[in-house]
Each structure stands twice: as C-alpha cells, then as structure tokens.
Amino acid sequence: AEMVSELVRNEDLVQVHLADIGCGDQKFRKVLSDEVSEASYSGFDLHPQSDDVAPFDIETDQLSTPMDIAVLLGVLEYSVNIPAALLRLRPKIQYLVVSHAVRDRRKMDAKRKQQMNWKSHLTEAEFIETLSMAGFTVSKHRVTSNGRSIVWVCT
C-alpha cells in the first residue's frame with residue numbers, strides 16, 4: 001500500500017482507478033484505504049469471497065475497463081503462462097504493482113511447489129525479463145519483510 005501511495009503521490013494521479021487482481025478477502029483494500037483514500041477500488045478474484053468482487057481468471061480474462069493501477073500480489077505464482085497474463089493486462093493499465101516469490105530468494109522443491117499449487121517460480125532476472133517482454137518498465141522494487149518475495153512498481 002505504501003508503494004501505491006508513493007506512486008499516486010509521485011505521479012500526481014487523481015481519481016485513481018485501482019484493480020486488485022487476486023484480491024482474496026480484500027485485505028489490501030483495507031490497508032489501501034488508509035494510504036490512498038481517493039482511490040476507486042475494484043476487486044477481482046478467481047473465487048470471489050464477496051458480492052463486490054468480480055470473477056477473474058488471470059489465465060484467460062481481460063479487464064473490461066481501463067484502470068490506472070493494477071495490483072497483483074501473490075498471484076502470478078499460480079499462473080501457467082505469466083507472459084500471456086501480463087500481455088492481456090498491459091493495454092488496460094497504466095501502472096502495475098506486482099509481487100513474485102522469486103526462486104533466488106525462496107528455494108522450493110517440486111513436491112512443495114506442487115503442494116502449494118504453484119505453476120511458476122521464476123528467478124528475479126527471469127521475472128524482470130518477463131515484465132519487460134510484456135511492455136512494462138520497472139521503476140522501483142522492494143524486498144518483502146520476510147525476504148522471500150519482491151514487489152515491483154512498473155510503468
């Protein structure tokens with residue numbers, strides 16, 4: 001939420017429309033409202049947990065309306081084809097805030113990966129290259145407090 005707040009402030013964004021893709025129980029929405037009260041929030045999830053969350057499959061769906069910012073936290077590990085998912089999102093978003101539990105920081109054997117139902121587990125370099133191939137430029141990144149994942153802000 002801090003990174004989104006900084007993005008909104010630094011880019012002088014007003015009337016921000018934010019898509020939280022893979023929002024689960026909307027924890028990010030609660031934190032975001034403290035940081036960026038002026039943001040219009042739309043939640044999307046494969047298995048919506050409330051009526052105000054739209055069904056969305058990262059593997060096949062596209063956003064129906066343009067959004068200023070798309071947030072994907074803990075989502076792309078479950079994607080079979082990260083490049084295709086990002087390419088579908090790119091035309092509809094201006095900024096991307098995305099995390100990935102990169103292989104360089106979180107070693108995992110095939111059995112554990114299968115237990116977690118992860119389909120992708122890229123290295124940091126592979127993930128950055130994937131972002132670039134989908135038309136995103138990394139402007140900032142941070143390692144999460146547990147040291148296992150990285151969050152990128154992309155334009």
Side-chain angles (χ1 to χ4, degrees), residues 1 3-4 7-8 13 16-32 36 39-144 146-155:
M3 293 177 88
V4 170
L7 176 63
V8 168
L13 301 176
V16 176
H17 298 284
L18 183 136
D20 185 2
I21 299 172
C23 67
D25 63 2
Q26 301 182 68
K27 284 182 185 84
F28 184 72
R29 181 181 201 167
K30 295 167 183 81
V31 176
L32 181 68
V36 188
S40 159
Y41 175 95
S42 299
F44 300 88
D45 202 280
L46 182 60
H47 304 288
Q49 296 179 29
S50 65
D51 292 340
D52 60 344
V53 173
F56 191 88
D57 184 344
I58 193 72
E59 299 294 353
T60 58
D61 293 341
Q62 295 179 335
L63 291 171
S64 58
T65 60
M67 296 283 178
D68 298 303
I69 303 169
V71 175
L72 286 90
L73 302 175
V75 173
L76 293 178
E77 291 83 357
Y78 302 95
S79 175
V80 174
N81 191 339
I82 293 174
L86 292 173
L87 282 167
R88 274 190 305 280
L89 287 174
R90 186 64 185 124
K92 295 284 188 169
I93 61 174
Q94 186 173 1
Y95 300 96
L96 174 68
V97 178
V98 60
S99 71
H100 195 69
V102 293
R103 197 166 61 234
D104 328 63
R105 295 182 166 274
R106 186 170 188 178
K107 305 287 185 218
M108 187 177 299
D109 62 25
K111 182 179 178 181
R112 180 68 178 138
K113 192 173 144 184
Q114 184 178 17
Q115 288 172 336
M116 294 182 69
N117 200 28
W118 281 9
K119 310 292 189 248
S120 298
H121 193 205
L122 304 178
T123 66
E124 182 175 354
E126 289 168 338
F127 194 77
I128 291 170
E129 177 63 22
T130 300
L131 289 167
S132 178
M133 289 184 336
F136 292 101
T137 301
V138 174
S139 60
K140 179 183 276 191
H141 73 280
R142 288 188 191 154
V143 176
T144 58
N146 66 11
R148 295 180 179 179
S149 299
I150 299 175
V151 180
W152 289 269
V153 175
C154 305
T155 56

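Residue numbers start at 1 and run along the sequence shown. Only this structure's heavy atoms are used, side chains among them; waters, hydrogens and symmetry mates stay out.
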Legend entry - Heavy atoms from other residues, nucleotides or ligands near CD of Gln114 exceed 12 (cutoff 6.0 Å): no
Inset, instruction - Compare all side-chain heavy atoms of Val98 with those of Leu131 and state whether any distance is below 4.5 angstrom. - result: yes
Legend entry - Heavy-atom closest pair, residues Lys92 and Ser64: NZ-O, 3.4 Å
Inset, instruction - Salt-bridge test for Lys27 and Asp25: reply yes if a basic N is under 4.0 Å from a carboxylate O, no otherwise. - result: yes
Legend entry - Distance, nearest 0.5 Å, that separates CZ of Arg88 from CG of Asp57: 8.0 Å
Inset, instruction - Output all residues satisfying side chain to side chain donor-acceptor pair (under 3.5 Å) with Glu129, sequence neighbours left out; order by chain, then residue number. - result: none
Inset, instruction - For Thr130 and Glu126, indicate whether the former's side chain and the latter's backbone hold a donor-acceptor pair under 3.5 Å. - result: yes
Inset, instruction - Mind running side chain to side chain contact (heavy atoms under 4.5 Å, CB included) on Ile69 and Leu96 for me, showing each step along the way? - result: CA-CA 6 Å; Ile69 303 169; Leu96 174 68; over 6 Å; no
Inset, instruction - Answer whether the closest heavy-atom distance between the side chains of Asp20 and Leu32 falls below 4.5 Å. - result: no
Inset, instruction - Considering non-hydrogen atoms only, spot the tightest contact between Ala134 and Leu86 and give its length. - result: CB-CB, 3.6 Å
Legend entry - Set of side-chain contact (heavy atoms from CB on, under 4.5 Å) partners for Arg90, sequence neighbours left out: Ile93, Phe136
Inset, instruction - Check salt bridge (charged side-chain N to carboxylate O under 4.0 Å, His left out) between Arg142 and all other residues, then give those that pass, not counting sequence neighbours. - result: Glu2, Glu6
Inset, instruction - Taking Ser149 for its side chain and Ser99 for its backbone only, find out whether a donor-acceptor pair lies under 3.5 Å. - result: no
Inset, instruction - State, yes or no, whether a side-chain contact exists between Val102 and Thr123 at a heavy-atom distance under 4.5 Å. - result: no
Legend entry - Sidechain-backbone polar pair: Glu59 side chain, Ala85 backbone, donor-acceptor under 3.5 Å: no
Inset, instruction - List for me each residue that meets ring-ring contact (aromatic ring centres under 6.0 Å, His included) alongside His121, sequence neighbours excluded, and say none if there are none. - result: Trp118
Legend entry - Considering all heavy atoms, the nearest Asn81-Ala84 contact: OD1-N, 3.1 Å
Legend entry - The single option from Val97, Val4, Thr137, Val138 passing side-chain contact (heavy atoms from CB on, under 4.5 Å) against Val153: Val97
Inset, instruction - Measure from the side-chain N and O atoms of Arg103 to the backbone N and O of Met108, and report whether any donor-acceptor pair falls under 3.5 Å. - result: no
Inset, instruction - Enter the distance from Ile21:CD1 to Leu72:CG here, rounded to the nearest 0.5 Å. - result: 4.5 Å
Inset, instruction - Evaluate side chain to side chain contact (heavy atoms under 4.5 Å, CB included) for Phe44 paired with Asp61, printing each intermediate quantity in order. - result: CA-CA 11 Å; Phe44 300 88; Asp61 293 341; over 6 Å; no
Legend entry - Which residues share a side chain to side chain donor-acceptor pair (under 3.5 Å) with Gln26, sequence neighbours left out: Arg29, Ser50, Asp52
Legend entry - Under the side chain to side chain donor-acceptor pair (under 3.5 Å) test, residues paired with Thr144 that sit two or more places apart: Asn146
Inset, instruction - Supply the atom-to-atom distance Asp68 CG to Leu18 CG, rounded to the nearest 0.5 angstrom. - result: 8.5 Å
Legend entry - Nearest heavy atoms of Asn117 and Tyr78, plus distance in Å: O-CD2, 3.3 Å
Inset, instruction - Look only at the side chain of His100 and the backbone of Leu122, and say whether a donor-acceptor pair between them is shorter than 3.5 Å. - result: yes
Legend entry - 4.5 Å side-chain heavy-atom contact, Val71 and Phe28: yes
Legend entry - Exercise: identify the closest heavy-atom pair between Ser79 and Ile58: CB-CG2, 4.5 Å
Inset, instruction - Indicate yes or no: at least one non-hydrogen side-chain atom of Ile150 is less than 4.5 angstrom from one of Glu124. - result: yes
Inset, instruction - Would you sort out whether Thr155 and Gln94 count as a side chain to side chain contact (heavy atoms under 4.5 Å, CB included), showing the intermediate values? - result: CA-CA 6 Å; Thr155 56; Gln94 186 173 1; over 6 Å; no
Inset, instruction - For residues Glu77 and Ser120, determine if any side-chain heavy atom of one lies less than 4.5 Å from a side-chain heavy atom of the other. - result: no
Inset, instruction - Check the surroundings of atom NZ in Lys111: do more than 12 heavy atoms from other residues, nucleotides or ligands lie under 6.0 Å from it? - result: no
Inset, instruction - Please confirm whether the backbone N or O of Gly24 pairs with a side-chain atom of Asp45, one donor and one acceptor, at under 3.5 Å? - result: yes
Inset, instruction - Could you check if a side-chain atom of Phe56 sits within less than 4.5 angstrom of a side-chain atom of Leu63, using non-hydrogen atoms only? - result: yes
Legend entry - Close side-chain approach of Cys23 and Val53, heavy atoms under 4.5 Å: yes
